[in-house]
Amino acid sequence: GKVLPGLPVRASLLKRQKPSGVMNKKDYNVTVSGGVMGIEVDEMTQRVLESGLPPNAVVHAVAGKNKELQKRLERMAKKDPRIKAHGFAPLPSMMQEANLNVIRAHGTTYAESVAAGKPAVYYAPDTSMIDTQGELTRTTAYHGARVVKNPAAIGLDKIPGAINTVLENPARFTRRS
């Protein structure tokens, strides 16, 4: 059969994905994604680093198509060797290979994280402003926490605690895709 590119959601399709080629299995790999435009990935990455990650942690911060963000992430990576900056990357493969996925919970990124079956933290902004994107992201994060049972982090300051919850018992947040 022919493998079509796109969003893999069946286990048989997930097994056919090509390896990302960016992760070392000896590391504790974390992906940080904010969708195709990398929304808030630099801020999210900073908060990920404030959690109790193991010493061999590598944080794969994905900028998507956001070139300015990619430059900021590359500057962050020069200051902290735990950060690996990526532009548009093979995110579905990376999420399957990662030990933990930290995402801005919306759309395709959310679906990819659920399909990966790995522990995830669903971040959403905690703003009370009327903003459609933020409201959709919060709704998705709460849905993920309720249905998929991964922690929601509503507000950047909640990311380290949510990650620490996963680190206490990763098997609790791992599931078949």
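These values consider heavy atoms only, across backbone and side chains, with no hydrogens, waters or symmetry-generated copies.
The heavy-atom pair separating Asn164 from Gly52 by the smallest distance is OD1-N, 2.8 Å. Nearest heavy atom pair, residue Ala152 against residue Ala141, reads CB-O, 3.7 Å. Here the closest heavy-atom approach between residue Asn150 and residue Lys118 is recorded as ND2-O, 4.1 Å. Of all heavy-atom pairs between Leu156 and Tyr123, the closest is N-CE1, 3.5 Å. Here the closest non-hydrogen pair linking Ile83 and Ala77 is O-CB, 3.4 Å. Taking every heavy atom of both residues into account, Thr137 and Pro125 meet most closely at CG2-CD, 4.0 Å.
The closest donor-acceptor contact from the side chain of Asn66 to the backbone of Met37 lies under 3.5 Å. Not one N or O on the side chain of Ser51 forms a donor-acceptor pair closer than 3.5 Å with the backbone of Arg47. Remark: side-chain polar atoms of Asp80 are not paired, donor with acceptor, to backbone N or O of Met76 under 3.5 angstrom. A donor-acceptor pair is defined here as one N or O able to donate and one able to accept, closer than 3.5 Å; no such pair exists between the side chain of Gln70 and the backbone of His86. Of the possible donor and acceptor atoms, none in the side chain of Ser93 sits under 3.5 Å from a partner among the backbone N and O of Pro19. A donor-acceptor pair is defined here as one N or O able to donate and one able to accept, closer than 3.5 Å; such a pair exists between the side chain of Asn56 and the backbone of Lys26.
A salt bridge links Lys71 and Glu68; the closest N-O separation between the charged side-chain nitrogens and carboxylate oxygens is under 4.0 Å.
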Legend entry - Derivation of the side chain to side chain contact (heavy atoms under 4.5 Å, CB included) call for Glu97 and Asn29: CA-CA 8 Å; Glu97 296 166 18; Asn29 292 291; over 6 Å; no

Inset, instruction - May I have the step-by-step check of side chain to side chain contact (heavy atoms under 4.5 Å, CB included) for Phe173 and Leu100, ending in yes or no? - result: CA-CA 9 Å; Phe173 302 100; Leu100 172 65; over 6 Å; no

Inset, instruction - Apply side chain to side chain contact (heavy atoms under 4.5 Å, CB included) to the pair Arg172 and Lys149, showing each step before the final yes or no. - result: CA-CA 9 Å; Arg172 177 177 158 207; Lys149 308 287 191 232; over 6 Å; no

Inset, instruction - Show the numbers, then the answer: is there a side chain to side chain contact (heavy atoms under 4.5 Å, CB included) between His106 and Leu136? - result: CA-CA 7 Å; His106 64 283; Leu136 288 170; 5.8 Å; no

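Remark: Met23 CE to Gln96 CD distance equals 11.0 Å, nearest 0.5 Å. Expressed to the nearest 0.5 Å, how far OG1 of Thr31 lies from CD1 of Ile103 amounts to 8.5 Å. Expressed to the nearest 0.5 Å, how far CD of Glu40 lies from CD of Glu43 amounts to 5.5 Å. Atom OG1 of Thr45 is separated from atom NZ of Lys84 by 13.0 Å, given to the nearest 0.5 angstrom.
No side-chain heavy atom of Val30 sits under 4.5 Å from any side-chain heavy atom of Ile163. Met94 places a side-chain heavy atom less than 4.5 Å from the side chain of Val62. Between Pro119 and Asn99 the shortest side-chain heavy-atom distance does not fall below 4.5 Å. Side-chain contact between Glu50 and Gln46 is present, with at least one heavy-atom pair separated by less than 4.5 Å. At a threshold of 4.5 Å between non-hydrogen side-chain atoms, the residues Asn24 and Val58 do not count as touching.
Residues Leu49 and Val102 are members of one and the same hydrophobic cluster, defined by side-chain heavy-atom contacts under 4.5 angstrom among Ile, Leu, Val, Met, Phe, Trp and Tyr. No continuous path of ILVMFWY side-chain contacts below 4.5 Å connects Val148 to Val166, so the two sit in separate hydrophobic clusters. Two different hydrophobic clusters hold Met95 and Val48 under the rule that ILVMFWY side chains link at heavy-atom gaps under 4.5 Å. No path of Ile, Leu, Val, Met, Phe, Trp and Tyr side chains, each step under 4.5 Å between heavy atoms, connects Val36 with Leu69, placing them in separate hydrophobic clusters. Note on Leu91 and Met44: separate hydrophobic clusters, where clusters join Ile, Leu, Val, Met, Phe, Trp and Tyr whose side-chain heavy atoms are under 4.5 Å apart, directly or indirectly.
Of the residues listed (Ile39, Thr109, Val32), the one engaging Arg104 in a side-chain contact (heavy atoms from CB on, under 4.5 Å) is Ile39, and it is the only one.
At a cut-off of 3.5 Å, with distance as the only test, no side-chain donor of Ser113 or Asn101 sits close to an acceptor on the other residue. Looking only at atom types and distance, the side chain of Tyr122 has no donor-acceptor partner in the side chain of His143 under 3.5 Å away.
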